[in-house]
Amino acid sequence: MNYNFNEIEARWQKYWAENQTFKAKNPGSIPKGEELPKYYVLDMFPYPSGAGLHVGHPLGYIASDIYARYKRHKGFNVLHPQGYDSFGLPAEQYAIQTGQHPALTTENNIKRYREQLDKIGFSFDWSREVRTSNPDYYKWTQWIFIQLFESWYDYEQDKSRAISELEEIFSAEGNTRVKAACDDEVEDFSAEEWNAFSSEEKQRILLKYRLTYLAETEVNWCPQLGTVLANDEIVNGVSERGGHPVIRKKMTQWSMRISAFAERLLQDLDKIDWTESLKESQRNWIGKSEGAQIKFKIQNSKFKIPVFSTRPDTIFGVTFMTLAPEHELVQKITTPEQKEEVEAYIAASAKKSERERMADVKTISGAFTGAYAEHPFTKEPVPIWIGDYVLAGYGTGAVMSVPCGDQRDYDFARHFDLPITNIFENADISEEAFSGKEGTVIANSDFLSGLEYKEALQRVILELEKTGHGYGKTNYRLRDAVFSRQRYWGEPFPIYYKKGLPHPIPTHCLPLELPEVEKYLPTEEGEPPLGRAEKWHWDEKNEKVVAVEDNEKPPLGVWGLELNTMPGWAGSSWYLFRYMDPHNEETFVSKEAQQYWENVDLYIGGSEHATGHLLYSRFWTKFLHDRGFLSVEEPFKKLINQGMILGTSAFVYRLEGENVLLSKNLVGKNNVQPIHVDVSLVNASDELDIEGFKKWRPEFAEAKFVTEEDGTYKVGREVEKMSKSKYNVVNPDDICENYGADTLRMYEMFLGPLEQAKPWNTAGITGVHNFLKKLWKLYHSGPDGEFLVETSHPSGGIEGGLKTLHKTIKKVTEDIENFSFNTSVSTFMICVNELSAQNCNQKEVLEPLAVLIAPYAPHIAEELWAKLGHSESVVTAAYPVYEEKYLVESTKNYPVSFNGKMRFTMELSLDLSEEEIEKTVLADERTKNYLSGKTPKKMIVVPGKIVNIVI
RNA sequence: GCUCGAGUGGCGGAAUUGGUAGACGCGCUGGAUUCAAAAUCCAGUUUCUUCGGAAGUGUGGGUUCGAUUCCCACCUCGAGUACCA
């Protein structure tokens, strides 16, 4: 009987589906006395793209599946769900091109994904599947949005609170004592003033405090996509998707006040088990810097310029100030004589795209405004310049320039011949600025002279606060996140506009379903696609969506709904909680279910989400925690980033301008153009199937193929990202068909460390496949290869097998705990080789082995488990525990060396003490020979390891 | 530039509280089986070698009886980030 993986795998997949083997139990449905500790293993859910899965996609899923299955064997109630992040741009773009509804294409893609995933034998609990584009799901995304709308951030208590509580505070004491995250330009008002405001005025003010608010923001506008992009959706100045250019544009947008959470997002990184590199990129992204905010008064003017500096101790080194060209005060302070120059400069830098400005770091440019500020301490005039090395978006958009201490200020001063004052003791600033901190002594600085950096820092902040010129401040790079997208295929905002003010629709009316539109493009007036929806007004009284004709004025009580939709990260920021209670219609997750499952114990996914999804998800979790909806403050306890599996592309080389293709080794110095070849047309020895190639690319049907001496045409190879357009995609279905899902799973793990990027190479798969065949043979040792496992064993015939088994249990268990799945596959191979060599087919050995191997190769394990006479699935079998007694070795080869030089090895008993080992070694003939009568100065003995003799 | 990570055979990679470097797999070589092939099994496979050995984990130093592992400097590659005041 051969190892017929196709038949076995299909049969067991059917069994698992029919028996709902992997269904996780929620607390209510767990019988008394059967409670198990919980464990939640989650994958980053996929966006179902039209291209289907390639072998790179399942890598993380296989790893998490191994861990989930392992935890089940270990006696945990495991939640291991899967779903789809099904809102997104590709489906929409496809819809624009073909007119097909994105819901339809998404549905088809999901079907295909599911088929592919099922073939690999994952232990997902599909009864909990979520789709972000499903109204039952996005109902709660909208609900959370409303909660954010109804909340504000209190720095005093350091948490989000209900907006109604803020209203109470305002009406009792005004806003002067409230420490809230809000727009900078909110003006102070008293309780009396507040109570006298009209309700519209009140709403207008409250909007500035809400955790999601409308603001006129300069956004990244992509004309081709017709939408706004977040900073992290832009790579190198072009859109991440499509690579279209991006320009700056002012728009009214919904924003998320994530900046209020900056400090907590930073501090709590210490509480979670993520890789240091990932934490580091979040720290960088949050970008905390401590310093002082200092106000500079402008001479002969009522204006003041606030600046932020991390080095307020260098304030006496200020010789000029620089504002970003976009700074709002520039227009107001520029003197008539300088107006022309300044405006020319502003126009020039506005023309430069963000990209050009970034690329052009070296060029120093700027203009003098003609205005002077007053130094807060010396009262000396400080000339005010503008320069595009100062960014409008960071800090206050203005800096106090200290050329002696900052290289950019130094370069700027040199370029425009501005004075440079040295305020550091013993620092040479003739060539470049001095940026040393620790131990630096300040000089030439009035009350700061003679103080060390740290002392000066404290002193100057004290002095600034005393004189009212400034205060100590912490600045963050983290910006509020723009939350509006001018797209169709996303969650509609549950918001309508009444007299220009946003109002949430009542939560009992949710979901606000995505309306139908004829086209998925923005309207002719430049409104988002939802502007095309016929029924897209809110009837306040009847609480329903109604249609209003284009040229008609809406009737009384009917208001226009928000036309934007939410970004991709809205649905993915909280999905982990929905899996806990996916069918609940009363709430997004019941308290009971959430408190049982808490949060994700193990999260596996790509590191590309470091500053997007993973940060937003932490933000929403903290918010929902503050408002009492969640018991946890962090979504993911432990996080592992799986590395990408790369493709190995193949190339043919076309002689420039001719229809001649040269084999790889004949290219030499010829001018050739490499052309991608579909990898399925190339065999393991890099030989091209020429006829197949001609059929595939008919334009080369007449081409001349110049082959190697042996008559073969060899292709060139290169490792690249796996992608359809590079024709290097390897499909997991084909691998499952030819080798089986178990082979695929083990081979993906065997390729290398989980977190490392590695190229796919189908050729190596035979090693793993042979291993599984050998494993099969261990259990099928009957005369004609039929199933045969000894239930009893001849005397003395099992000792070796048990040793091998327990060694394997120990190593594999350790490897799984450390996520070193690659080495555990090697351990299995050694185990099976040793058992084969010992002809060991006793049940005591093979039965635990089947359980041990089940997380990696679940189908074959189930088959063997059933043949061993078990009626229950192997999934519920207890994980074997190793016994020390089988691991003890009685003797070991000790390397014996003299003065560090290895000379020979000795077989020594492990029971011996250090002294006994010394004696035995010294008594050995070879030692005596080497010492030739001399007494060793010192002997180093490490029991079980080495003996070193120093002469 | 800064931050983090990594450099080991023809290839993927293994080994770190410092202790026989190259496990395991691929590939390759030889053999068995076969009319032949596939499949399977067995043996070998870091390099050099005068067959005694010697060298060897990116380079150069250091600590140590002993370093792939620890320390210093440099080189290369990868990831993230970028005029952050």
Side-chain angles (χ1 to χ4, degrees), chain A residues 2 232 275-285 287-289 291-292 294 307-312 314 321-322 324 357-364 387-391 393-402 405-409 411-412 435 475-478 607-608 610-611 641 643-644 684-685 746-747 750-753 755-771 773-774 777 820 822-831 833 836 892-902 904-905 936-942 944-951:
Chain A
N2 284 329
D232 39 311
T275 58
E276 209 42 50
S277 71
L278 208 125
K279 288 187 189 180
E280 199 59 33
S281 36
Q282 289 214 345
R283 283 191 196 107
N284 287 341
W285 195 258
K288 180 179 182 174
S289 50
I294 305 167
V307 300
F308 175 76
S309 172
T310 52
R311 294 294 303 275
T314 63
M321 293 184 76
T322 316
R357 239 169 106 166
M358 274 200 291
D360 198 16
V361 177
K362 296 274 153 11
T363 320
I364 296 159
D388 65 6
Y389 79 96
V390 178
L391 304 176
Y394 182 77
T396 61
V399 298
M400 59 175 222
S401 302
V402 185
D406 183 284
Q407 193 57 42
R408 288 158 302 166
D409 295 342
D411 295 340
F412 196 84
S435 58
N475 213 32
Y476 299 92
R477 198 181 78 101
L478 184 68
S607 57
E608 66 273 21
T611 52
N641 292 127
M644 209 190 311
S685 325
M746 289 198 103
Y747 186 56
F750 183 69
L751 272 178
E755 311 199 14
Q756 199 175 294
K758 53 224 161 230
W760 177 266
N761 172 17
T762 306
I765 205 167
T766 53
V768 173
H769 190 60
N770 283 344
F771 155 74
K773 282 199 267 187
K774 269 191 211 169
K777 269 201 203 163
S820 307
N822 54 330
T823 50
S824 53
V825 177
S826 295
T827 308
F828 281 129
M829 290 178 174
I830 296 167
C831 172
N833 279 340
S836 303
K892 202 180 159 161
N893 259 336
Y894 280 69
V896 179
S897 64
F898 300 89
N899 270 4
K901 271 203 183 293
M902 196 78 53
F904 59 85
T905 59
K937 268 189 204 153
K938 155 162 102 157
M939 267 182 90
I940 298 150
V941 178
V942 182
K945 285 177 179 171
I946 49 136
V947 180
N948 260 285
I949 302 168
V950 185
I951 308 168

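Proteins come first, then strands; the chains are lettered A, B, ... in the order of their sequence lines, and each starts at number 1.
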What is the separation between atom CD on A:Q282 and atom P on B:rA79, rounded to the nearest whole Å?
20 Å
Without decimals, in angstroms, what is the distance between A:E755 CD and B:rA6 P?
11 Å
Nearest whole Å is fine: how far is B:rC83 C1' from A:N284 CG?
16 Å
A:T310 side-chain proximity, nearest of B:rA85, B:rA14, B:rC24:
B:rA85
Mind telling me whether B:rG27 is syn or anti, cutoff 90° either side of 0?
anti
Can you measure A:Y747 atom OH to B:rG13 atom P for me and round it to whole angstrom units?
11 Å
Winner on side-chain proximity to A:S281, out of B:rG80, B:rC83, B:rU40, is B:rG80
From C-beta outward on A:K773, which listed nucleotide comes closest to its side chain: B:rU40, B:rG25, B:rC84?
B:rU40
So, do A:T275 and A:E280 sit near enough that their side-chain heavy atoms are less than 4.5 Å apart?
no
Interatomic distance, A:N770 CG vs B:rG27 P [rounded to whole Å]:
9 Å
Rounded to whole angstrom, note down the C1' distance from B:rU20 over to B:rA15.
12 Å
Shortest side-chain distance from A:Q756, nucleotide among B:rC26, B:rC83, B:rG13:
B:rG13
Check every strand shown and say whether A:N475 touches a base, only sugar-phosphate, or nothing at a heavy-atom separation below 4.0 Å.
nothing
Do A:V399 and A:M321 touch side chain to side chain, with heavy atoms closer than 4.5 Å?
no
Whole-angstrom distance between B:rU81 and B:rU17, as gauged at atom C1':
35 Å
If I pick the P atom on B:rC72 and the same atom on B:rU50, what distance separates them, to the nearest angstrom?
43 Å
Write down the distance between CG (A:N641) and P (B:rG80), rounded to a whole number of angstrom.
12 Å
When you measure from the side chain of A:S826, which nucleotide among B:rC41, B:rC24, B:rC84 comes out closest?
B:rC24
Contact check, side chains of A:V768 and A:M829, non-hydrogen atoms, under 4.5 Å:
yes
Counter-base of B:rA67, judged by Watson-Crick or G-U geometry with both distances under 3.5 Å
none
Taking the minimum atom-to-atom distance to the side chain of A:Y394, which one of B:rC84, B:rC26, B:rG12 wins?
B:rC84
Please give the nucleotide sitting opposite B:rU17 as a Watson-Crick or G-U wobble pair, both distances under 3.5 Å, or none.
none
Counter-base of B:rG30, judged by Watson-Crick or G-U geometry with both distances under 3.5 Å
B:rC42
Assess, by modelled atom type and distance only, whether the side chains of A:D409 and A:Y389 contain a donor and an acceptor separated by less than 3.5 Å.
yes
Hey, mind stepping through A:Y394 and A:Y476 against side chain to side chain contact (heavy atoms under 4.5 Å, CB included) and telling me if it holds?
CA-CA 9 Å; A:Y394 182 77; A:Y476 299 92; over 6 Å; no
For the P atoms, the ones on B:rU63 and on B:rC71, what distance do you get once it is rounded to whole angstrom?
16 Å
Nearest-Å distance for atom pair CZ/C1', residues A:R408 and B:rC83:
6 Å
B:rG12, B:rA14, B:rU81: which one has an atom nearest the side-chain heavy atoms of A:R477?
B:rU81
Do the side chain of A:Q282 and the main chain of A:A610 share a donor and acceptor less than 3.5 angstrom apart?
yes
Quick one: does any side-chain atom of A:K774 pair with a main-chain N or O of A:H769 as donor and acceptor, under 3.5 Å?
no
Using the P atom in both, what is the distance from B:rG62 to B:rG27, to the nearest Å?
44 Å
Would you mind telling me which of B:rC24, B:rU3, B:rA85 lies closest to the side-chain atoms of A:E280?
B:rU3
In terms of side-chain heavy atoms of A:I830, which of B:rG27, B:rC24, B:rA85 is nearest?
B:rC24
Pick the C1' atom in B:rG9 and in B:rC74, then give their distance to the nearest Å.
26 Å
Select base, sugar-phosphate, or nothing to describe what A:K288 touches, counting heavy atoms under 4.0 Å on all strands.
nothing
What is the base-pairing partner of B:rA36, counting Watson-Crick and G-U wobble geometry with both distances under 3.5 Å?
none
If B:rU47 has a Watson-Crick or G-U wobble mate with both distances under 3.5 Å, name it; if not, just say none.
B:rA54
Whole-Å P distance, B:rU16 and B:rU68
14 Å
Pairing partner (Watson-Crick or G-U wobble, both distances under 3.5 angstrom) of B:rA82
none
Need to verify one output field. Residue with the more 5' nearest nucleotide on RNA chain B, A:T396 or A:M829?
A:M829
Determine whether the side chains of A:S289 and A:T310 contain a donor N or O and an acceptor N or O closer than 3.5 Å.
no
Mind checking if A:E276 touches a base, just sugar-phosphate, or nothing, with heavy atoms under 4.0 Å?
nothing
When we call it a touch if two heavy atoms are under 4.0 Å apart, what does A:P753 touch: a base, just sugar-phosphate, or nothing?
sugar-phosphate
A:N833 side chain: which of B:rC26, B:rG25, B:rU81 is closest?
B:rG25
Please work out whether B:rG61 sits syn or anti, treating a glycosidic angle within 90° of 0 as syn.
anti
Hey, which sits more toward the 5' end of RNA chain B by its nearest nucleotide, A:G397 or A:I765?
A:I765
What is the separation between atom CZ on A:F750 and atom P on B:rC11, rounded to the nearest whole Å?
16 Å
Spacing of the P atoms in B:rU46 and B:rA23 (rounded, Å):
8 Å
Contact class for A:N822 vs. all strands (heavy atom < 4.0 Å): base, sugar-phosphate, or nothing?
sugar-phosphate
Suppose we define a pair by two distances each less than 3.5 Å, Watson-Crick or G-U wobble; what does B:rU76 pair with here?
B:rA6
Side chain to side chain contact (heavy atoms under 4.5 Å, CB included) between A:N822 and A:F750: does it pass, once the steps are laid out?
CA-CA 4 Å; A:N822 54 330; A:F750 183 69; 5.5 Å; no
For A:N761, which contact category applies under a 4.0 Å heavy-atom criterion: base, sugar-phosphate, or nothing?
nothing
